[in-house]
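Notes follow the structure.
Here is how names work: the chains are called A, B, and so on, in the same order as the sequence lines, proteins then strands, and each is numbered from 1.
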Amino acid sequence: MSPVNLSGWRKLPLSLADLCIETTLRCGQSFRWLTALYNQWSESDSNFREKAPKFTGIRILSQDAWEALIAFICSSNNNISRISQMVHKLCIYYGPLIGHIGDEAFHDFPTPQALSGKKVESHLRELGFGYRAKYIAETARIISAEKPEGWLESLTNPENPSWPVTETSSDKEPPSYKYAHEQLLLLTGVGPKVADCVCLMGLGWGEAVPVDTHVWQIAQRDYKFGKSKTKTFSKAMYDSVGDHFRKIWGDQAGWAQSVLFTANLKSFSGQASGKTEVEAKGVKVEIEGTKEVKVEVEEFEKATIVSAPAIRSRKRTRVAAVETIKVETRTTENVPPTRRSKRTKV
DNA sequence: AATGGACCTTGTGC
DNA sequence: AGCACAAGGTCCA
């Protein structure tokens, strides 16, 4: 047998060509992923009702709390691409070797002890971690040296069946979302947003709503936050935004948040704004410049709208006689999947 | 308590 | 090519 069997789960050495969850779940062999809570959130929130349908299938992953903690410390003021590289470096340089596949080595995520070494901070600096090097080294030291064994796991939501049962010493305050959040804030490099990411994805607290730059944008644009006097984004405002979403979405608010967060991401915007297929039977297209075109009702069969708010808002009713829109200059058949961020030229 | 900057580095868009 | 600016924030004065 190849990889190690960790608590009943195995890593699958597969590429997306071998296994694609997205396609598998949507190809018609299973029919009840998700939808009950989506309906519930849509009933109580018109904005969710509007945005969510394009983003079905989003789930909250049940992650290891320690790995999530360090990964989200890395995430501060950073981009996803670099965060991934940083986590990979932590595994390569400090994680235990799991094994080889071909000549490629695979490492697990490092332990808190492994990241507590004296030279960790300076080494991580050299590896390009920037100011997060100190946060990681400090947090690793606190957890491995100052906290009792199993401290982080003791903050897990005991009601959440996705996490194994953890013992909690009876003399301590019983675990609750608020308590877990507050405890995490004591670590270095962990503010309210990172704490909520760990609560939600690493500790099973479904009501944790990580309010980052995207969610703050959403709160302002779609939920009227920051319009009155207190415009600045203070801790009080942070809690207020979370409380509002918990109120309208309930005890799985973090999941609903994740749906709208994804809908707001630029890298996913193709699902929401572009790539909308419309039947445009009897539409004639005049090209003016590169992508600007005028559409007249006449002869096209299908067009892929790249950006056409006027038409989108009209749904499928009818296309006006003459519209200035942006379309791809080819019909939808044989259109290859669009590649975003294709900066890698080789 | 609340507010304004600084902070490392890389990716992205012009 | 090269330069701003943003990127799933946090800490410190």
Side-chain angles (χ1 to χ4, degrees), chain A residues 51 55 58-61 63 67-90 120-140 142 181-202 208-222 225-226 228-242 245 253-270 274 290-291 306-307 338-346:
Chain A
K51 306 284 172 56
F55 296 89
I58 292 169
R59 313 280 290 193
I60 300 296
L61 299 178
Q63 305 185 57
E67 177 169 346
L69 172 61
I70 296 302
F72 283 109
I73 286 176
C74 292
S75 79
S76 77
N77 200 16
N78 206 350
N79 59 69
I80 292 173
S81 169
R82 180 153 79 119
I83 299 164
S84 304
Q85 294 176 48
M86 288 162 76
V87 172
H88 187 53
K89 284 179 183 172
L90 289 177
V120 170
E121 180 181 340
S122 58
H123 182 220
L124 292 181
R125 277 267 177 185
E126 290 171 21
L127 291 175
F129 280 63
Y131 57 79
R132 301 165 197 81
K134 182 183 176 184
Y135 298 162
I136 293 169
E138 261 293 283
T139 289
I142 292 171
H181 179 93
E182 168 189 311
Q183 286 296 301
L184 291 170
L185 288 181
L186 300 175
L187 301 168
T188 312
V190 180
K193 188 271 176 178
V194 170
D196 272 337
C197 283
V198 177
C199 281
L200 177 64
M201 297 168 229
V209 179
V211 182
D212 57 37
T213 166
H214 296 281
V215 177
W216 176 234
Q217 277 177 31
I218 293 168
Q220 291 176 100
R221 187 190 62 209
D222 301 332
F225 271 84
S228 59
K229 16 182 151 183
T230 45
K231 299 169 67 173
T232 52
F233 191 58
S234 60
K235 169 66 166 141
M237 184 61 83
Y238 183 100
D239 292 335
S240 165
V241 170
F245 287 137
W255 185 1
Q257 170 275 145
S258 190
V259 175
L260 293 191
F261 167 83
T262 307
N264 208 51
L265 273 187
K266 278 197 207 115
S267 52
F268 284 83
S269 63
T290 42
K291 282 181 176 174
V306 173
S307 172
T338 46
R339 287 206 162 277
R340 312 199 137 257
S341 70
K342 47 155 177 232
R343 196 155 265 263
T344 45
K345 245 253 193 77
V346 177

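Here A:Glu138 pairs with A:Arg141 under the salt bridge (charged side-chain N to carboxylate O under 4.0 Å, His left out) rule; sequence neighbours left out. The ring-ring contact (aromatic ring centres under 6.0 Å, His included) check on A:Phe72 picks up nothing, with sequence neighbours excluded. For A:Asn77, the side chain to side chain donor-acceptor pair (under 3.5 Å) criterion is met by no residue, not counting sequence neighbours. Partners of A:Arg221 under the side chain to side chain donor-acceptor pair (under 3.5 Å) rule, at least two apart in sequence or in another chain, are A:Asn264. For A:His214, there are no side chain to side chain donor-acceptor pair (under 3.5 Å) partners at least two apart in sequence or on another chain. Residues passing the salt bridge (charged side-chain N to carboxylate O under 4.0 Å, His left out) test with A:Lys134: none are found, sequence neighbours excluded. Residues that satisfy the side chain to side chain donor-acceptor pair (under 3.5 Å) test with A:Asp212, not counting sequence neighbours, are absent from this structure. Listed by chain and residue number, nothing satisfies the ring-ring contact (aromatic ring centres under 6.0 Å, His included) test with A:His88 (two or more places apart in sequence, or in another chain).
Taking atom P in both B:dT3 and C:dG8, one finds a spacing of 26 Å when rounded to whole Å. Taking atom P on both nucleotides, C:dA13 is separated from B:dC8 by 14 Å, rounded to a whole Å.
Rounded to a whole Å, the CD1 atom of A:Ile73 is 21 Å from the P atom of C:dA7. One atom, CG of A:Leu69, and another, C1' of C:dG9, lie 14 Å apart when rounded to the nearest Å. With rounding to whole Å, A:Glu126 atom CD is found 14 Å from B:dC8 atom C1'. Rounding to whole angstrom units, CE of residue A:Met237 and P of B:dG4 are separated by 13 Å. Atom-to-atom, CG of A:Leu186 to P of C:dT10 comes out at 14 Å; the value is rounded to the nearest Å. For the pair A:Trp216 CH2 and C:dA6 P, the computed distance is 17 Å after rounding to whole Å. Look at NZ on A:Lys89: it is 10 Å from P on B:dT9, rounded to the nearest Å. Rounded to a whole Å, the CG atom of A:Leu265 is 7 Å from the P atom of C:dG8.
Nucleotides of DNA chain B nearest to A:Ala236 and A:Leu127 differ in position, and the one nearer the 5' end is that of A:Ala236.
Atoms CD1 and CH2, from A:Ile58 and A:Trp255 in turn, are 10.5 Å apart once rounded to the nearest 0.5 Å.
For DNA chain B, none of the residues of residues 187-200 of chain A falls under the heavy-atom distance limit of 4.0 Å. Less than 4.0 Å separates DNA chain B from at least one heavy atom of each of the following residues of residues 129-137 of chain A: A:Gly130, A:Tyr131, A:Arg132. Within a heavy-atom distance below 4.0 Å of DNA chain C, the residues of residues 77-86 of chain A found are A:Asn77, A:Asn78, A:Asn79, A:Ile80.
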Encoded 5' to 3' (Watson-Crick or G-U under 3.5 Å; [ ] crossing; | other strand), DNA chain C becomes .||||||.|||||
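The minimum heavy-atom distance linking A:Lys235 with A:Pro192 is given by the pair NZ-CB, 4.0 Å.
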